[in-house]
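Below is one structure, written out as structure tokens; the observations come after it.
The chains referred to below are lettered A, B, ... by the order of the sequence lines, with proteins before strands, and numbering in each begins at 1.
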Protein chains: 2
Amino acid sequence: MDRTIVDYQSNRLQEKLHKILGSVGGTASGCPIRNILDRFSDKWSTLSIFHLGDAGTLRFNELKKRIDGISQRMLTVTLRTLERDGLVTRRVYPQIPPRVEYELTDLGRSFLVQIIELGDWASVHSAQIMQAREQYAAREHLVVE
Amino acid sequence: MDRTIVDYQSNRLQEKLHKILGSVGGTASGCPIRNILDRFSDKWSTLSIFHLGDAGTLRFNELKKRIDGISQRMLTVTLRTLERDGLVTRRVYPQIPPRVEYELTDLGRSFLVQIIELGDWASVHSAQIMQAREQYAAREHLVVE
DNA sequence: CGGGATCCCACATGATACTG
DNA sequence: CAGTATCATGTGGGATCCCG
């Protein structure tokens, strides 16, 4: 059930790890890998993709209602970035008042699968992590004598 | 080979997605899921875990040498957080000069597997994303008339 | 309705200096 | 060697106002 102990030493994973470490080597900010990983780390990006994945197509304000606490500005900025990276399509209907619909691309759905797995991991291990945090405060640090 | 088009509509994934959306619902900053996802998004955390996963055990300065560009302060802060969350162990040898070794826990190795998959996704799709970015600059936005 | 433009501040992070 | 403490800064992101 709980796969906490993982065979991370499998050739397959080691291979991927070395490939990644090679790619991120130069911390030159131009590094595309780092650049993409930043999308995963962005709170608003992940939430936007979760909701678009769930709902299919959403208008700007529909999305805004679903993402609790996001400001108009950040939703705009986030969606622009996702559109620029090819994860989301933006469709404008030239009518008054304007209607703009957002939807995941195939690439975006592929991305969604990844962050679902992340979220699932977090969900499964959250209790373990919360426990570690509690112990941390009241712990003597490990000392080898 | 390239699984860009993914069956993201599988019951399994939808189930996980709904579970996640339920958990992140209240954007109360105390939310453990959001809280954990922040670790994934942290540049220095992911790099630290990559290198610890690759090397097994590393001393403070060994790790610092491997993570290009990290400041002493940020490495300390990062390692403390990872230790607090139970992802990394910190072992202090009381000798002069001091010797401190860091190593992934089982939980940390489980985490490592997740970010390897992320990095792999980024690596596989980076060309596609870079291409999307180039097109974005020179594109007429999609308008339905 | 769906933004764009500004202002502004908190906080994350870098640089530097000191220490057991 | 492995930090801690202090100071400096830049920028992510919220609040607000305006516009087609």
Side-chain angles (χ1 to χ4, degrees), chain A residues 27-29 34-35 37-48 51-52 55 57-84 88-103 136 141-145, chain B residues 27-29 34-35 37-48 51-52 55 57-84 88-103 136 141-145:
Chain A
T27 317
S29 60
R34 279 247 50 85
N35 210 301
L37 288 181
D38 286 346
R39 290 304 96 229
F40 286 105
S41 68
D42 184 43
K43 172 184 180 180
W44 299 131
S45 290
T46 56
L47 285 176
S48 298
H51 284 286
L52 284 174
T57 299
L58 287 174
R59 299 180 62 172
F60 186 86
N61 276 328
E62 288 174 344
L63 192 50
K64 187 168 185 303
K65 275 177 208 157
R66 292 181 182 232
I67 305 178
D68 189 43
I70 194 171
S71 67
Q72 194 175 49
R73 179 185 135 83
M74 285 317 295
L75 182 54
T76 300
V77 171
T78 300
L79 288 171
R80 285 290 181 281
T81 304
L82 295 178
E83 187 197 1
R84 170 176 144 264
V88 158
T89 59
R90 176 172 183 269
R91 181 165 304 193
V92 181
Y93 296 84
Q95 53 190 42
I96 309 270
R99 175 187 190 87
V100 182
E101 290 180 348
Y102 293 91
E103 193 176 359
Y136 182 79
H141 285 185
L142 182 58
V143 177
V144 177
E145 353 213 358
Chain B
T27 316
S29 60
R34 279 247 50 84
N35 209 301
L37 289 181
D38 286 347
R39 291 304 96 231
F40 285 106
S41 68
D42 183 43
K43 172 184 181 178
W44 299 129
S45 290
T46 56
L47 285 175
S48 298
H51 284 286
L52 283 174
T57 299
L58 288 174
R59 299 179 61 171
F60 186 86
N61 276 329
E62 287 173 343
L63 192 49
K64 187 169 185 303
K65 275 177 208 155
R66 292 178 182 234
I67 305 179
D68 188 44
I70 195 171
S71 66
Q72 191 175 48
R73 180 184 137 81
M74 284 318 294
L75 183 54
T76 301
V77 170
T78 300
L79 287 171
R80 286 289 182 281
T81 304
L82 295 178
E83 187 197 1
R84 171 176 142 264
V88 158
T89 59
R90 176 172 183 269
R91 181 165 304 193
V92 181
Y93 297 84
Q95 53 190 44
I96 308 266
R99 174 187 192 86
V100 181
E101 289 180 347
Y102 293 91
E103 193 176 359
Y136 182 78
H141 285 185
L142 182 56
V143 177
V144 177
E145 356 213 359

Using whole Å, report how far [atom1] of [X] lies from [atom2] of [N].
{"X": "R59(B)", "N": "dG3(D)", "atom1": "CZ", "atom2": "C1'", "answer": "13 Å"}
{"X": "R99(B)", "N": "dA2(D)", "atom1": "CZ", "atom2": "P", "answer": "8 Å"}
{"X": "L75(A)", "N": "dC1(C)", "atom1": "CG", "atom2": "P", "answer": "14 Å"}
{"X": "E62(B)", "N": "dA2(D)", "atom1": "CD", "atom2": "C1'", "answer": "13 Å"}
{"X": "D42(B)", "N": "dG12(D)", "atom1": "CG", "atom2": "P", "answer": "15 Å"}
{"X": "Q95(B)", "N": "dG20(C)", "atom1": "CD", "atom2": "P", "answer": "19 Å"}
{"X": "R80(A)", "N": "dA5(C)", "atom1": "CZ", "atom2": "P", "answer": "11 Å"}
{"X": "I67(B)", "N": "dG14(C)", "atom1": "CD1", "atom2": "P", "answer": "12 Å"}

Residue Q72(B), side-chain atoms from C-beta onward, closest of dT4(D), dG2(C), dG13(D):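 Among dT4(D), dG2(C), dG13(D), the one nearest the side chain of Q72(B) is dT4(D).
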
Residue F60(A), side-chain heavy atoms: nucleotide from dG3(C), dA2(D), dT13(C) that is nearest: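 Closest of the options to the side chain of F60(A): dG3(C).
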
May I ask you to verify if any side-chain N or O of [X] is less than 4.0 angstrom from the OP1 or OP2 atom of [N]?
{"X": "Y102(B)", "N": "dC1(D)", "result": "no"}
{"X": "R73(B)", "N": "dT16(C)", "result": "no"}
{"X": "R90(A)", "N": "dG3(C)", "result": "yes"}

Y136(B) and R84(A): side chain donor to acceptor below 3.5 Å: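 Result is no, nothing qualifies.
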
Hey, are the side chains of [X] and [Y] touching, using non-hydrogen atoms and a 4.5 Å cut-off?
{"X": "V77(A)", "Y": "W44(A)", "result": "no"}
{"X": "L82(A)", "Y": "Y102(A)", "result": "no"}
{"X": "L47(A)", "Y": "I70(A)", "result": "no"}

First of P98(A) and T76(A) reached from the 5' end of DNA chain C, by closest nucleotide: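 It is P98(A), whose closest nucleotide lies nearer the 5' terminus.
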
side-chain contact (heavy atoms from CB on, under 4.5 Å) between R59(A) and V100(A), worked out: CA-CA 6 Å; R59(A) 299 180 62 172; V100(A) 182; over 6 Å; no

5' priority, DNA chain D, between I96(A) and S71(A) [closest heavy atom]: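 Looking at the nearest nucleotide for each, S71(A) comes out on the 5' side.
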
